[in-house]
Structure formats: C-alpha cells, structure tokens
S.K.: 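Take a look at this one; I'll ask things after.
Convention: sequence-line order gives letters A, B, ...; per-chain numbering from 1. Because the structure is predicted, anything quoted here is derived from the model rather than measured.
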There are 2 protein chains.
Amino acid sequence: MNKTRPYSAIIERLRAAKLRPTRQRLALARLLFEGGDRHVTAESLHKQALSQNERVSLATVYNTLHQFTRAGMLCEVVVESARSYFDTNTIHHHHFFCEESQVLKDIPCADLRLLDLPTPPQGMEINQIDVVIRTRPRGS
Amino acid sequence: MNKTRPYSAIIERLRAAKLRPTRQRLALARLLFEGGDRHVTAESLHKQALSQNERVSLATVYNTLHQFTRAGMLCEVVVESARSYFDTNTIHHHHFFCEESQVLKDIPCADLRLLDLPTPPQGMEINQIDVVIRTRPRGS
DNA sequence: GTGTTTGCAAAGTGTTTGCAATTTA
DNA sequence: TAAATTGCAAACACTTTGCAAACAC
C-alpha cells in the first residue's frame, strides 16, 4: 500500500533539479506549482509566503526563483523594466500585459501565429520569440 | 536670402513639443535625430555626449529622454528588466535583441505579420503589440 | 524679471552578494 | 561532519527627485 506522502511530487521535482528540498524551497514550490499557471514577482511571492506564515527571506525568494528558472521549472517574462516576472507556464507562449494593473495573462502559442519571420542579423540565430500585447482598460 | 540656421529643424521640433531649446536638449536631440535610427540607453547617450565635450548631467539625460518620449519623438523599448532603451524610430515596429551584446535592431512592421490576434481579457483593449525576437551568436 | 531648466547629491526601487549561522544528507 | 542553504545587512545598478543656481525668453 504505497501511500502517497504529501508533497512527494514536489520533493521529487526538486531532487530532479538537484535542489535540496528545504523548508523554504518546498513552501515556495507549493505556492508556485500547486495552483495552476501563475505569474509572480519576487515580492508578490514573498508576500504570499509570509501571509501563510512561511518564514522565508526576500533574498531566498530571489535565489529560489532563479534556481527554479535555471532548472526549467519557471520562465522569466520581460514586460517592464524595473520588475521581473516569473511564469510557471514553461511551454512557449505569449502574453497580454496590462500596464495599469500590472497583470499578465497567457496567450497559448496556437492562438497567435507569426508570418514571414524576418531573417536575423548576420551571424545570429533566433533564440526565442516573445510577443507582448499591451492592453488597457477599455476606453481610457 | 533666408539662410538656414544650423539646427533650425531641431529647434523647431523642440519648440513644437513646447520644450525650450536649451544647450543640453539641443545637444541630445542632435545626437539622437541627426544620425538615422538609433537605440540608446540613458547611459550610452550620456557617454556619447560627454565624449563630444557636451556637458550634460546624467539626470538631465534621463529627464530629456522622458520628455522626448512624452512628446512622441522617441519610444521606449522594453527588452531587459534593469535597463531602459529608447528608440528614435517611432513608427510601429518590432525588434531583434541580442542579449549577449545588448544590441537592438529594428524589424519593420511589414516584415513580420501576426495572424489570429487573440481577444484581449474582459474589459481590456489592445494598446500596443511588441514582438521581440531574441537572438544569439550562431552556434552558442 | 519670471518661469523653466539644470546639476548635484540624496533618496528610491528592485535585485544581488558576502558571510556567519543553520540545516540537510 | 561536510557541503548546501539561509537570512541578514550591505552593496549594487539604474532611475527619480528636491532644491538652489543658472538660463531662456
């Protein structure tokens, strides 16, 4: 009767990424990965952790977000100079971004097709294509 | 004999934007607008100004870039959290960006078409569409 | 002259880092 | 107990701001 231990899936994920499943990493990973697709900033995630009485320092949140990103569990989205956003959806996709509310929303890759990809500059190859559709509240 | 004064076009442009043509603004405007399409950061423009013996403070460069942007003479390009880039090409277009060298390159709007624009979230309308094609040196 | 603009230095924001103390395996 | 991780505080990079002096009109 191989009873599933709590968090075991997440612990495995951390182990697979060669990251020790410390209390802090576990807490952050649960917040990030147990609730569907999410977009967080270091600060928003830190706040959320604290609000659930998880003691984590902001520095550790930053470090952890980068470790998860390096491990392919998150990806970074650049939509604002100033703040970094991290996305739990690591399948290639695009974004709506509302500058007013600073809310990100995914656009599945299939919902937005690009035609006529231009040739990259001399000696360069394409790494990644990011489309950001900036939105505003209707009539503002 | 209406001899064209030097800089008169730029002075007019500043006046039209209700910006007094001060020594600093003139110098920066000449650097920005007299050499075809350019992508600058506050720091790169400041360096260039100093290298031509134009005395301008970095704070003034920042302020001026924002004033020019507000006046529609520049537009801001978000490709990196941390640094802000300003583009003298204000016609809607997209960008190649090489993270390694931090070089931006324009992609004319006509060279990259989008199909199947997705519907924006409830109550939102599209403001602007930014495509960034991130590149890397071939084979790296 | 009057209002605008500048430059400095200080403050601000988001992020990273050095290092001693703690935790993990 | 050896190596990894954490938290703090300090350092960082970039940007903005308050204000007195300088400038444009």
Side-chain angles (χ1 to χ4, degrees), chain A residues 5 7-8 10-29 31 39-50 53-71 74 76-86 99 102 104, chain B residues 5 7-8 10-29 31 39-50 53-71 74 76-86 99 102 104:
Chain A
R5 275 171 305 155
Y7 324 153
S8 65
I10 283 181
I11 291 180
E12 279 323 304
R13 249 186 121 170
L14 291 177
R15 287 236 159 81
K18 299 202 195 306
L19 296 170
R20 291 184 178 175
T22 63
R23 174 173 58 74
Q24 291 87 336
R25 284 193 187 130
L26 258 162
L28 296 176
L31 290 175
H39 300 97
V40 303
T41 62
E43 217 181 327
S44 75
L45 184 60
H46 185 230
K47 273 213 181 77
Q48 199 194 356
L50 294 188
N53 292 310
E54 297 287 358
R55 289 176 297 103
V56 199
S57 73
L58 184 56
T60 297
V61 173
Y62 273 107
N63 290 336
T64 303
L65 286 171
H66 285 132
Q67 289 157 353
F68 287 2
T69 301
R70 237 175 285 131
L74 292 176
E76 202 173 339
V77 186
V78 179
V79 283
E80 275 191 322
S81 48
R83 216 184 308 288
S84 279
Y85 289 80
F86 295 85
E99 320 212 297
Q102 300 181 315
L104 269 174
Chain B
R5 275 171 307 153
Y7 324 153
S8 64
I10 282 181
I11 291 180
E12 280 322 304
R13 250 187 120 171
L14 291 177
R15 287 235 158 82
K18 299 203 194 307
L19 295 170
R20 288 187 179 172
T22 62
R23 175 175 57 73
Q24 291 88 335
R25 285 193 187 129
L26 257 163
L28 297 176
L31 290 176
H39 301 99
V40 302
T41 62
E43 216 180 327
S44 76
L45 184 59
H46 185 229
K47 274 215 181 76
Q48 198 195 357
L50 294 188
N53 291 311
E54 297 287 356
R55 290 176 297 101
V56 199
S57 72
L58 185 55
T60 297
V61 173
Y62 274 107
N63 291 335
T64 304
L65 286 172
H66 285 132
Q67 290 157 352
F68 287 3
T69 300
R70 236 175 287 132
L74 292 176
E76 203 174 337
V77 186
V78 178
V79 284
E80 275 191 324
S81 48
R83 217 184 309 287
S84 279
Y85 289 80
F86 294 85
E99 320 211 299
Q102 299 181 316
L104 269 174

S.K.: Checking all strands, does B:S84 fall into the base, sugar-phosphate, or nothing category for heavy-atom contacts under 4.0 angstrom?
M.R.: sugar-phosphate
S.K.: To the nearest angstrom, how far is A:Q102 atom CD from C:dG14 atom C1'?
M.R.: 12 Å
S.K.: With heavy-atom distances below 4.5 Å as the criterion, would you say the side chains of A:V79 and B:V78 are in contact?
M.R.: no
S.K.: Can you check the B:L14 CG to C:dT6 C1' distance for me, whole Å?
M.R.: 15 Å
S.K.: Out of A:T69, A:L104, A:L45, which residue meets the side chain to side chain contact (heavy atoms under 4.5 Å, CB included) rule with A:F86?
M.R.: A:T69
S.K.: In the structure shown, which nucleotide is the Watson-Crick or G-U wobble counterpart of D:dA22, with both distances under 3.5 Å?
M.R.: C:dT4
S.K.: Rounded to whole angstrom units, what separation is found between the CZ atom of B:R83 and the P atom of C:dT15?
M.R.: 15 Å
S.K.: For A:R55 and A:R23, work out which heavy atoms get closest and say how close.
M.R.: O-NH1, 2.9 Å
S.K.: Indicate the atoms forming the closest heavy-atom contact of A:P21 with A:L26, along with that distance.
M.R.: O-CD1, 3.8 Å
S.K.: Kindly compute the distance separating CZ (A:R13) from CG (A:L19), expressed to the nearest 0.5 Å.
M.R.: 11.5 Å
S.K.: Select base, sugar-phosphate, or nothing to describe what B:H66 touches, counting heavy atoms under 4.0 Å on all strands.
M.R.: sugar-phosphate
S.K.: To the nearest angstrom, how far is B:E80 atom CD from D:dC14 atom C1'?
M.R.: 12 Å
S.K.: Under 4.0 Å: is that the gap between some side-chain N or O of B:Y62 and OP1 or OP2 of D:dT16?
M.R.: no
S.K.: How would you summarise protein contacts on nucleotides 4-11 of chain D per nucleotide, using B for base, S for sugar-phosphate only and - for none, with heavy-atom distances below 4.0 Å?
M.R.: SSSBB---
S.K.: Would you kindly give the CG-to-P distance between B:L26 and C:dT6, to the nearest whole Å?
M.R.: 10 Å
S.K.: What is the distance from CD of B:E54 to P of C:dT5, rounded to the nearest Å?
M.R.: 19 Å
S.K.: What pair of heavy atoms forms the shortest contact from A:L65 to A:A42, and how long is it?
M.R.: CD1-CA, 3.6 Å
